[in-house]
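Below is one structure, written out as structure tokens, with a few remarks after it.
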Amino acid sequence: MYQPSQEPPRAPLQGTAEGTVSEGRAEAAAPAGPVLRIAVATRDGTRIDQHFGQTDVFFIYDVAGAGPVLAGRRAIADHEQEGEERRDTIYRMIGDCRMLLVAKIGVTPQEVLASKGVEATDLHAGKGVEAALAEVFAAKTAVLDAGPLDAGDFRLLHAMLRVEDLERSIDFYTRHLGMSVLERREHKKNQFSQAYLGYGSGFSQMTLELVQNWQREAPYVAGDAFGHIAIAVSSITRLCDRLSAAGVPMPRPPRPQRHGESIVAFVEDPDGHRIELVEVPESA
């Protein structure tokens with residue numbers, strides 16, 4: 001949940017080159033209103049141009065209505081502890097930040113950071129730091145006064161089940177229930193097979209996603225076989241900001257999908273069931 005923090009007094013930034021920010025003067029008045037602390041993976045403070053795993057120094061900003069203030073630079077070399085993994089050092093050193101803006105980040109570190117209350121996103125990759133910070137702050141504060149939710153364009157997409165034997169499951173749903181296999185994929189890197197089944201000739205109706213994890217040896221039980229339901233949405237970042245502000249757990253903030261151009265996020269219902277939110281490009 002987005003909880004604006006009240007930080008020590010900092011000055012607004014002085015103008016520099018386009019897309020950059022500089023540190024304010026310590027004697028300036030404290031900003032009025034909420035303050036959002038954001039870590040940025042950037043080479044020189046100009047653009048968001050560093051991958052999560054390749055960043056050695058993170059720029060830390062306190063962003064308020066008057067603009068962003070550079071609170072400091074945090075180097076991994078200054079925070080690492082003996083025997084600690086590099087990623088664990090990063091998780092700890094930016095743990096007080098509400099967000100992390102990077103050029104690219106994997107699903108695993110994104111989910112770990114989310115579990116620690118840090119929303120990591122690469123949706124602003126390549127943008128100027130100052131412009132991106134202003135955009136994020138405006139979006140996060142706007143949802144605090146948002147009106148009723150407009151779900152007119154939302155629809156259910158699919159439900160996902162983890163299965164012990166994909167071929168056996170496909171045979172059951174096709175032979176006994178008359179479904180058709182709409183798509184199959186083999187994910188060698190992540191070690192799982194995937195199939196989408198449904199009725200009709202395409203994905204216009206809700207479908208069933210079956211997943212077989214190659215390394216799974218024990219059979220699934222009724223509790224852990226279910227994966228998630230998926231919902232097609234519009235304005236996914238705005239919706240996720242709204243859900244975050246309402247305290248909805250978000251183990252995976254919005255990120256571009258590896259296959260295709262959709263943007264995907266995962267949230268959890270009160271029982272911990274995952275819900276996949278998918279924003280499909282208008283041309284799709």
Side-chain angles (χ1 to χ4, degrees), residues 1-3 5 7 36-63 68 70-127 129 132-133 136 140 162 187-192 211 213-216 224 227-228 236-237 240-241 243-244 248-259 263-268 272 274 276-277:
M1 179 175 181
Y2 167 45
Q3 295 289 351
S5 60
E7 299 292 339
L36 185 63
R37 175 158 286 187
I38 302 176
V40 180
T42 173
R43 287 185 176 87
D44 57 10
T46 301
R47 300 202 172 276
I48 302 170
D49 54 9
Q50 290 280 280
H51 292 196
F52 175 77
Q54 299 173 352
T55 305
D56 294 319
V57 179
F58 291 85
F59 285 53
I60 309 298
Y61 297 92
D62 288 333
V63 189
L70 180 59
R73 300 173 179 84
R74 298 178 185 173
I76 296 177
D78 296 333
H79 290 80
E80 60 186 356
Q81 297 178 355
E82 185 177 356
E84 186 176 47
E85 294 290 337
R86 176 187 174 88
R87 285 187 177 182
D88 292 332
T89 300
I90 298 175
Y91 299 149
R92 179 169 49 79
M93 64 186 270
I94 65 171
D96 63 329
C97 298
R98 172 63 180 81
M99 292 190 69
L100 167 64
L101 307 185
V102 296
K104 188 174 183 179
I105 186 170
V107 171
T108 298
Q110 188 184 44
E111 291 199 0
V112 172
L113 284 167
S115 72
K116 299 177 182 298
V118 182
E119 179 183 338
T121 177
D122 54 13
L123 295 179
H124 302 274
K127 290 185 178 180
V129 171
L133 291 174
V136 168
K140 295 299 183 186
R162 297 186 179 94
H187 299 265
K188 295 181 179 180
K189 180 178 180 180
N190 294 316
Q191 299 284 288
F192 72 92
V211 172
N213 291 298
W214 298 351
Q215 302 301 320
R216 176 80 179 197
D224 65 359
H228 62 262
I236 189 170
T237 54
C240 287
D241 287 341
L243 295 174
S244 179
V248 176
M250 189 176 305
R252 190 183 303 176
R255 62 178 289 113
Q257 198 171 33
R258 178 173 297 175
H259 303 283
I263 298 176
V264 175
F266 280 84
V267 297
E268 293 181 350
R274 286 198 172 190
E276 182 182 17
L277 306 176

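In this text, all values refer to a predicted model and were calculated from it rather than measured experimentally. In this chain, numbering begins with 1 at the start of the sequence shown.
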If we ignore hydrogens and angles and just use 3.5 Å, is the side chain of Arg255 paired with the main-chain N or O of Ile105 as donor and acceptor? yes
What's the verdict on side chain to side chain contact (heavy atoms under 4.5 Å, CB included) for Thr121 and Thr237, showing C-alpha distance, side-chain angles and the deciding distance? CA-CA 10 Å; Thr121 177; Thr237 54; over 6 Å; no
Could you check whether atom CD of Glu85 has more than 12 heavy atoms from other residues, nucleotides or ligands sitting under 6.0 Å from it? no
Could you walk me through whether Glu84 and Thr89 pass the side-chain hydrogen bond (donor to acceptor under 3.5 Å, both in side chains) test, one step at a time? CA-CA 7 Å; Glu84 186 176 47; Thr89 300; 2.7 Å; yes
Just to verify, which of Leu70, Thr46, Ile48, Asp44 counts as forming a side-chain contact (heavy atoms from CB on, under 4.5 Å) with Val129? Ile48
In sequence, state the C-alpha distance, the side-chain angles, and the governing distance for Phe58 and Ile90, and then conclude on side chain to side chain contact (heavy atoms under 4.5 Å, CB included). CA-CA 9 Å; Phe58 291 85; Ile90 298 175; 3.8 Å; yes
Between Arg73 and Asp56, does any NZ, NE, NH1 or NH2 come within less than 4.0 Å of an OD or OE carboxylate oxygen? no
Out of curiosity, Cys97 SG to Arg74 CZ, how far, rounded to the nearest 0.5 Å? 5.0 Å
Compare all side-chain heavy atoms of Phe52 with those of Arg87 and state whether any distance is below 4.5 angstrom. yes
Between Glu119 and the options Lys140, Gln110, Arg252, the side-chain hydrogen bond (donor to acceptor under 3.5 Å, both in side chains) test singles out Lys140
Backbone N/O of Thr108 and side chain of Glu111: donor-acceptor pair under 3.5 Å: no
Gln215 CD to Gln191 CD distance, which is reported to the nearest 0.5 Å: 5.0 Å
Val40 side chain reached by Leu133 side chain, heavy atoms, under 4.5 Å: yes
Under the side-chain contact (heavy atoms from CB on, under 4.5 Å) rule, collect the residues that match up with Pro251, sequence neighbours excluded. Phe266, Glu268, Arg274
Side chains of Ile263 and Pro254 in contact at under 4.5 Å (non-hydrogen atoms): yes
For Tyr91 and Pro109, work out which heavy atoms get closest and say how close. OH-CA, 3.4 Å
Side-chain donor/acceptor of Asp49 to backbone N/O of Arg43, under 3.5 Å: yes
Using a cut-off of 6.0 Å, state whether more than 12 heavy atoms not belonging to Lys104 lie near its atom NZ. no
Distance check, rounded to the nearest 0.5 Å: Phe59 atom CZ versus Ile38 atom CD1? 15.0 Å
What residues form a side-chain contact (heavy atoms from CB on, under 4.5 Å) with Ala103, not counting sequence neighbours? His51, Ala125
Flag the pair Pro256 / Leu123 as yes when at least one side-chain heavy-atom distance between them is below 4.5 Å, and no otherwise. yes
With a 4.5 Å heavy-atom cut-off, do Leu113 and Ile94 have their side chains touching? yes
